[in-house]
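Everything on this sheet refers to the single structure shown next.
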Amino acid sequence: MQQSPQAAFIAPVRPEGDNALEIGTCMELKVFVDLEELLTTRLLIQGNSGSGKSHLLRKLLEESAGVVQQIIVDPEADFVSFGETFGYTVVDAAKFKPSKLASVARKARELRGSIVLTLEGMPIDDQLRAVAAFLNGLFDAPPEHWHPAIVAVDEAHLFAPNGDNGEDKEARKEGQQAMANLMSRGRKRGLAGIIATQRLSKLHKNVAAEASNFLLGRTFLDIDIARAVDLLGMSRADGEQVRNLNRGEFLGLGPAIARRPMKVTVGAVMTVGKAGASKGLTPLPSTSAADMASMMLADDDQPSTPALRVVR
Ligand SMILES: Nc1ncnc2c1ncn2[C@@H]1O[C@H](COP(=O)(O)OP(=O)(O)OP(=O)(O)O)[C@@H](O)[C@H]1O
Ligand SMILES: [Mg+2]
C-alpha cells in the first residue's frame with residue numbers, strides 16, 4: 001500500500017505477525033508497536049491522572065498476552081483481572097515477606113509464567129521493599145532463565161521517586177536501585193521495562209533516561225513538559241502539543257513506534273480495571289438533609305434512625 005507523504009515522514013514501524021501489537025489509530029490508520037524492538041528498547045508512558053495510561057498499558061499487555069511472558073507490578077490492583085482472563089498468577093504482596101517475593105520472582109523466570117504483583121493497601125515503605133525484592137529476584141535469576149519478559153510497572157514514580165517524599169530512606173534507595181537496574185541492565189537478562197508515570201518530574205532521572213520509546217499523554221505542568229522535551233530531544237513547540245491531547249491520545253515516538261512524534265488514539269480494551277468501565281456522572285441520591293445526617297452518624301451496628309437534629 002502506498003504511504004501518504006505524512007506517514008512516510010513520521011515513519012511508523014510496520015511489524016508483522018505476533019510482533020505487531022495494535023494499540024490504536026492515527027488519522028484512521030492502524031498504529032502498531034513492534035514487540036521485538038520493544039523488548040530491547042523499553043518504553044516510558046507519561047500522562048497526568050486520567051489521561052489513559054493504565055488503559056494504554058492494558059491495551060499493550062492484552063495485545064502481547066500469550067506471546068511473551070508478562071510480569072506486572074500493580075499498585076492499585078488494576079490488573080488482577082488478568083488472573084481470570086489469561087490465567088496469570090496473582091500475588092498479593094501484603095501476604096509475603098520480601099525474601100519470599102524474591103524467590104517467587106526467580107521461580108516465575110524459571111517457569112516462564114506470567115504474574116501480577118498487586119500492592120494495594122500496603123504502606124508505601126512496604127511497597128518499596130516488596131517491589132525492590134521482587135525486581136531483584138527477577139534480576140538475580142541464573143542466565144539459563146533469561147528468557148524475554150515484559151516487566152510493566154504502573155505508577156513507577158512510587159517505586160523510583162525523584163527526591164524525598166517522606167519515605168524511609170533505605171526503602172526508597174532500594175526501590176530506586178531496583179528500578180534503575182531493571183531499566184538499564186535488564187535488557188541483557190531479557191527483561192524489558194514498560195513503565196507508566198503521572199509526572200515525569202517525580203520519577204528518578206536514572207529510570208526515565210533508559211527508555212528509548214515514549215508515549216506521552218495529556219500533561220499540564222511546565223516542569224513535566226520540560227522534562228519530556230529534554231528526554232525526547234523534541235522542540236518546545238512539539239512538546240506544547242501534549243497540553244491539547246484528549247484522554248486516550250498519546251504522542252508516540254521511538255524505534256518500536258515511529259521515527260517522529262505520531263499522535264495515537266488508543267483503541268478499546270477487553271479486560272476491565274478495578275473501577276470497572278467508566279461510569280461518568282451518576283445522579284446523586286435525593287435523601288433529605290436530616291435523613292442523610294442521621295444515617296451518617298448512626299452507630300455502625302445499628303440500623304439508621306431519623307435524625308434528632310441536622311448537624312451543621
Ligand atoms: N483510549 C481510551 N478509550 C476509552 N476509554 C479510555 C481510554 N483511555 C482511558 N479511558 C478511560 O478513562 C479513564 C481514565 O483512564 P486511566 O485509568 O487509564 O487513566 P490514568 O492515566 O491511568 O490515570 P491515573 O494516573 O489516575 O491512574 C478510565 O475510566 C478509562 O477506562
Ligand atoms: Mg492509572
Side-chain angles (χ1 to χ4, degrees), residues 21-33 43-65 70-82 85 90 93 116-122 124 127 131 150-162 165 179 193-204 207-208 211 213-221 223-225 227-228 241-252 257 262-282:
L21 312 183
E22 186 184 331
I23 58 163
T25 53
C26 171
M27 293 178 293
E28 290 175 18
L29 292 176
K30 288 178 180 171
V31 171
F32 299 96
V33 169
L43 169 67
L44 172 66
I45 300 170
Q46 110 104 30
N48 289 163
S49 185
S51 59
K53 299 178 298 298
S54 299
H55 179 103
L56 169 54
L57 202 51
R58 179 179 301 281
K59 180 75 182 162
L60 269 167
L61 292 169
E62 284 181 1
E63 283 284 309
S64 53
Q70 300 185 339
I71 295 161
I72 305 171
V73 175
D74 180 13
E76 304 275 352
D78 248 341
F79 292 91
V80 289
S81 59
F82 277 44
T85 312
V90 177
V116 179
L117 180 75
T118 168
L119 304 143
E120 199 196 17
M122 292 170 78
I124 184 64
Q127 289 196 356
V131 170
I150 284 177
V151 185
V153 184
D154 204 358
E155 313 283 3
H157 56 277
L158 296 177
F159 313 118
N162 191 26
N165 304 293
M179 288 287 291
I194 298 185
I195 60 176
T197 184
Q198 289 181 354
R199 306 247 347 248
L200 256 178
S201 61
K202 284 187 176 174
L203 179 67
H204 199 275
V207 174
N213 299 287
F214 301 91
L215 281 158
L216 291 186
R218 190 169 62 182
T219 303
F220 296 115
L221 291 184
I223 183 170
D224 296 318
I225 295 175
R227 281 286 303 277
Q241 288 183 56
V242 298
R243 281 187 208 281
N244 302 324
L245 295 172
N246 293 314
R247 190 183 73 180
E249 289 178 347
F250 287 78
L251 279 188
I257 307 169
M262 171 172 57
K263 187 162 120 184
V264 186
T265 304
V266 177
V269 292
M270 64 184 210
T271 55
V272 285
K274 200 178 69 178
S278 180
K279 295 186 192 70
L281 287 173
T282 46

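Keep in mind the model is a prediction, meaning the values are calculated, not measured. Counting starts at 1 for both ligands and their atoms, following the listed order. These numbers come from the heavy atoms of this one structure, side chains and all, not from hydrogens, waters or symmetry mates.
- Against a heavy-atom cut-off of under 4.0 Å, Q198 is close to the following atoms of ligand 1: 24 (P), 25 (O), 26 (O).
- Taking OG1 from T25 and CD from E249, the interatomic distance works out to 9.0 Å, rounded to the nearest 0.5 Å.
- With sequence neighbours excluded, the residues that form a salt bridge (charged side-chain N to carboxylate O under 4.0 Å, His left out) with E120 are K274.
- Assignment of G47 to the shell around ligand 1 is not supported, since no heavy atom sits closer than 4.0 Å.
- M122 approaches A93 most closely through the heavy-atom pair SD-CB, 3.7 Å.
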Please report the C-alpha distance between R58 and T271 in whole Å, then the side-chain angles of each, then the deciding distance to 0.1 Å, and finally whether the side chain to side chain contact (heavy atoms under 4.5 Å, CB included) criterion is met.
-> CA-CA 8 Å; R58 179 179 301 281; T271 55; 2.9 Å; yes
TODO: Assess whether side chain to side chain contact (heavy atoms under 4.5 Å, CB included) is satisfied between Q46 and K53, documenting all intermediate values.
DONE: CA-CA 7 Å; Q46 110 104 30; K53 299 178 298 298; 5.6 Å; no
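- The closest non-hydrogen atom to atom 24 (P) of ligand 1, taken over G24, S51, S49, comes from S49.
- Of all the atoms in ligand 1, the ones that sit under 4.0 Å from a non-hydrogen atom of V266 are 1 (N).
- The option with the heavy atom closest to atom 7 (C) of ligand 1, from among Q46, H55, E76, R199, is H55.
- The salt bridge (charged side-chain N to carboxylate O under 4.0 Å, His left out) check on D224 picks up R199, with sequence neighbours excluded.
- Within the protein, the number of N, O or S atoms lying under 2.8 Å from the Mg ion (ligand 2) is 1.
- When each of L158, D74, V131 is paired with L119, the side chain to side chain contact (heavy atoms under 4.5 Å, CB included) condition holds for V131 and for no other.
- Within the structure, the closest approach of E155 to ligand 1 falls below 4.0 Å when heavy atoms are considered.
- With rounding to the nearest 0.5 Å, the separation of CD in E76 from CG in D154 is 8.0 Å.
- Listed by number with element, the atoms of ligand 1 under 4.0 Å from a non-hydrogen atom of N48 are 21 (O).
- Close contacts of ligand 1 with G248, meaning ligand atoms under 4.0 Å from a residue heavy atom, involve 1 (N), 8 (N).
- Applying the ring pair (Phe, Tyr, Trp, His ring centres under 6.0 Å) rule to F82 yields the partners F79, F86, Y88; only residues at least two apart in sequence or on another chain are considered.
- Between L60 atom CG and H55 atom NE2 the span is 10.5 Å, to the nearest 0.5 Å.
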